[in-house]
Amino acid sequence: MQFKYPEVLYALFLLLIPILVHLFQLRRFEKTAFTNVKFLQNVILQTRKSSQLKKWLILCTRLLALAALVFAFAQPYFANRDIVKTEKETVIYLDNSFSMQSKGEKGALLKRAVQELLNTVPENEEVSIFTNTETFKNTTIKSIRNELLQLDYSHQQEAIPNVILKGRKLFSKQKNSVKNLILISDFQQNEQLSVRNDSTFTTNYIQLKPANANNIALDSLYIAEQDANTVKIAVILKNSGIPVQDVPVSLYDGGSLIAKSSVDLDTQNSAEVTFSIPSNKVIQGNIRIDDNSLQFDNNLFFNINAPQKINVLAINEADDTFLKKLYTDDEFKLISSTLNQLNYNEIATQQLIVLNELKTIPNPLLTALRSFKQNGGSLVIIPAKESNLTSYNDLLKTNNFSSFQKVPTATEKKITKINFSHPLFTNVFEKQVTNFQYPKVNDYYNISATAAILRLENNLPFLLANNETYVFTAPINNENSNFKNSPLIVPILYNIGKNSLRLTNLYYTLGKENTFDVQTSLGQDAVLSIAKADEEFIPLQQTNNNKVRLTTDEFPSEAGIYSIKNQDTNLQQISYNFNRKESTLQYHNMAQSYPNKTHTTVAQFFEDLKNEQSVASLWKWFVIFALLFLCIEILILKFVK
């Protein structure tokens with residue numbers, strides 16, 4: 001038993017007063033003469049004994065009554081911990097990611113969790129609640145009732161360690177307060193689960209589970225085949241749950257249905273559906289399916305804009321046949337010129353310039369290339385066997401490279417080291433190749449570099465990159481190297497060309513940093529914007545002579561097809577879709593990982609927490625005892641003779 005006001009117990013010393021009064025009778029007895037007391041002697045003895053017993057009974061009842069009153073004012077109670085004088089801090093994480101759309105036994109997981117919070121957490125109790133998108137610090141359920149009822153689902157999904165770190169910041173720095181962090185989520189397996197224990201607060205997990213784990217998702221799409229007449233689009237669907245037969249898949253162009261198909265889905269397997277559309281057709285596409293589980297992955301937006309060709313200028317003093325084979329007319333606009341016939345006015349309009357084994361780089365060309373690079377252009381430098389290293393090194397220095405140095409005793413070397421993680425090799429290799437037929441070079445230059453795309457077997461660099469400037473350290477003509485016959489030349493030069501103008505993809509994923517280029521020329525202080533219906537924002541952008549590089553990150557926040565606008569003019573469309581990582585309904589076993597801290601319902605957890613922190617007050621009982629002892633005293637005074 002504990003006391004809210006233990007200092008009141010000092011009043012128990014006042015019980016000495018009635019004891020002293022009863023022990024020392026202050027009233028003096030008077031003698032009264034009587035004729036004959038012989039027959040009263042026995043009566044007097046009996047009366048004195050009865051009176052003494054009655055006084056002791058009265059003393060006990062009074063002492064007990066006074067003691068009960070003292071205890072009542074001290075307010076005794078029973079509790080599991082000393083929480084009366086300890087402040088309680090409660091921080092609640094409410095997962096509002098898309099996976100919480102799943103249906104439980106009593107409806108959608110998120111909506112049910114909100115209702116149980118509103119019903120079980122006391123309205124005026126101060127708590128902090130945060131979601132993936134909102135934070136309500138030091139508030140009450142009553143004051144944020146409407147915000148919780150209107151809480152919407154979000155594509156943002158925080159990893160559990162990040163959630164705990166964010167929740168920790170919402171606690172005060174008081175060391176003597178009882179801190180409880182409560183995580184309400186379905187705890188999908190795509191989230192990181194490793195959690196470090198923190199002794200400053202207690203973490204509890206409320207895992208909400210759906211009634212079933214069935215879900216069909218539009219996972220992705222890509223262009224499978226393309227020719228002069230048609231483009232074949234492949235759509236990948238994934239199934240989580242029981243097998244499903246004849247799932248209808250529809251293709252829309254804007255609001256018009258243009259194709260429909262169906263597919264059978266096995267458990268935990270993916271399937272593919274293909275659609276054919278006319279080549280060079282501008283389409284604002286939307287793939288749709290009907291699924292009663294998660295809704296966010298039932299639409300997949302994409303768009304095909306009018307084809308844009310990338311401008312490539314090759315300045316040659318060597319054979320350029322390999323460039324003409326790579327930069328074909330369907331994707332590139334290649335201009336091939338010798339150095340003597342070069343039209344310098346064409347440099348400013350290019351996205352990529354290739355210096356194909358020039359023996360020297362004249363000063364006018366150096367100046368033009370500096371301006372070209374400042375405006376965001378891409379440059380490929382392939383030196384000649386007998387190059388004027390002074391002019392080359394001036395160009396290399398401008399682009400933050402070290403200088404070329406001649407190798408006195410250069411011997412044939414193989415190109416054996418490939419940086420598979422470089423962006424030029426994205427989706428090129430399925431795995432790192434060890435039995436590759438490596439190309440070779442005879443004469444090459446030495447250049448200092450810590451990172452390289454390709455290296456020779458003696459560890460000297462063969463291909464370097466920095467800020468979209470790519471430098472070969474050796475001529476690649478057939479007399480000096482067989483690199484032109486190597487499979488490496490195709491992905492390297494093709495991807496260099498494609499990256500020089502980052503045309504928009506079929507679609508982008510929300511919540512990630514996406515970068516793409518738009519071919520346009522802007523006036524002074526003009527900017528591009530991205531808009532859909534009543535939503536419009538200005539992305540991060542970098543303006544060059546004939547293109548604008550846009551970067552999106554936090555915005556947009558909704559999936560759909562957006563327009564890239566220059567004031568009131570629509571330049572092209574761009575599509576965004578939600579990340580599909582929540583589509584697979586697989587969950588951690590929290591009860592196994594944290595058996596003593598995992599609960600299954602919000603209502604049951606808060607009921608247990610209430611009981612744990614409840615206080616059994618006893619002062620009313622002591623008041624009743626005091627009244628009872630007073631009644632006993634009255635009865636003794638009245639009936640005991």
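Please read all numbers here as calculations on a predicted model, not as lab measurements.
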*Cation-pi check, Lys532 to Tyr562: give yes when NZ or CZ is under 6.0 Å from the six-membered ring centre and within 45° of the ring axis, no otherwise.*
yes
_Rounded at 0.5 Å granularity, tell me how far CG in Leu503 sits from CG in Asn305._
9.0 Å
*At what distance, to the nearest 0.5 angstrom, does OG1 of Thr416 lie from CG of Leu454?*
9.5 Å
*Going by the side-chain hydrogen bond (donor to acceptor under 3.5 Å, both in side chains) test, name the single residue among Lys309, Lys498, Gln308 that passes it with Glu331.*
Lys498
_I need the single residue from Thr398, Asn375, Asn399 that forms a side-chain hydrogen bond (donor to acceptor under 3.5 Å, both in side chains) with Arg370. Which is it?_
Thr398
Side-chain ([X]) to main-chain ([Y]) donor-acceptor, under 3.5 angstrom:
X      : Y      : answer
Asn286 : Phe301 : no
Ser486 : Leu488 : yes
Gln157 : Gln188 : no
Ser240 : Leu585 : yes
Lys373 : Asn467 : yes
Asn299 : Arg288 : no

Using a cut-off of 6.0 Å, state whether more than 12 heavy atoms not belonging to [X] lie near its atom [atom1].
X      : atom1 : value
Lys166 : NZ    : yes
Lys484 : NZ    : yes
Lys238 : NZ    : no

Indicate whether any N or O donor in one side chain lies under 3.5 Å from an N or O acceptor in the other, for [X] and [Y].
X      : Y      : value
Asn577 : Ser575 : no
Thr504 : Gln572 : yes
Tyr392 : Ser403 : no
Glu357 : Asn477 : yes
Asn499 : Asn495 : no
Glu317 : Thr338 : no
Glu582 : Tyr153 : no

Between [X] and [Y], does the ring centre distance come in under 6.0 Å?
X      : Y      : answer
Phe516 : Tyr508 : yes
Tyr444 : Phe462 : no
Phe578 : His155 : yes

*Considering all heavy atoms of both residues, which atom of Ala368 and which atom of Ile347 are nearest to each other, and what is their separation?*
CB-CD1, 3.7 Å
_Between the side chains of Lys512 and Glu554, is the shortest nitrogen-to-carboxylate-oxygen separation below 4.0 Å, so that they form an ion pair?_
no
*Does a side-chain N-to-carboxylate-O contact under 4.0 Å join Lys413 and Glu457?*
no
*May I ask you to test the Asn298-Leu218 pair for a side-chain heavy-atom distance under 4.5 Å?*
no
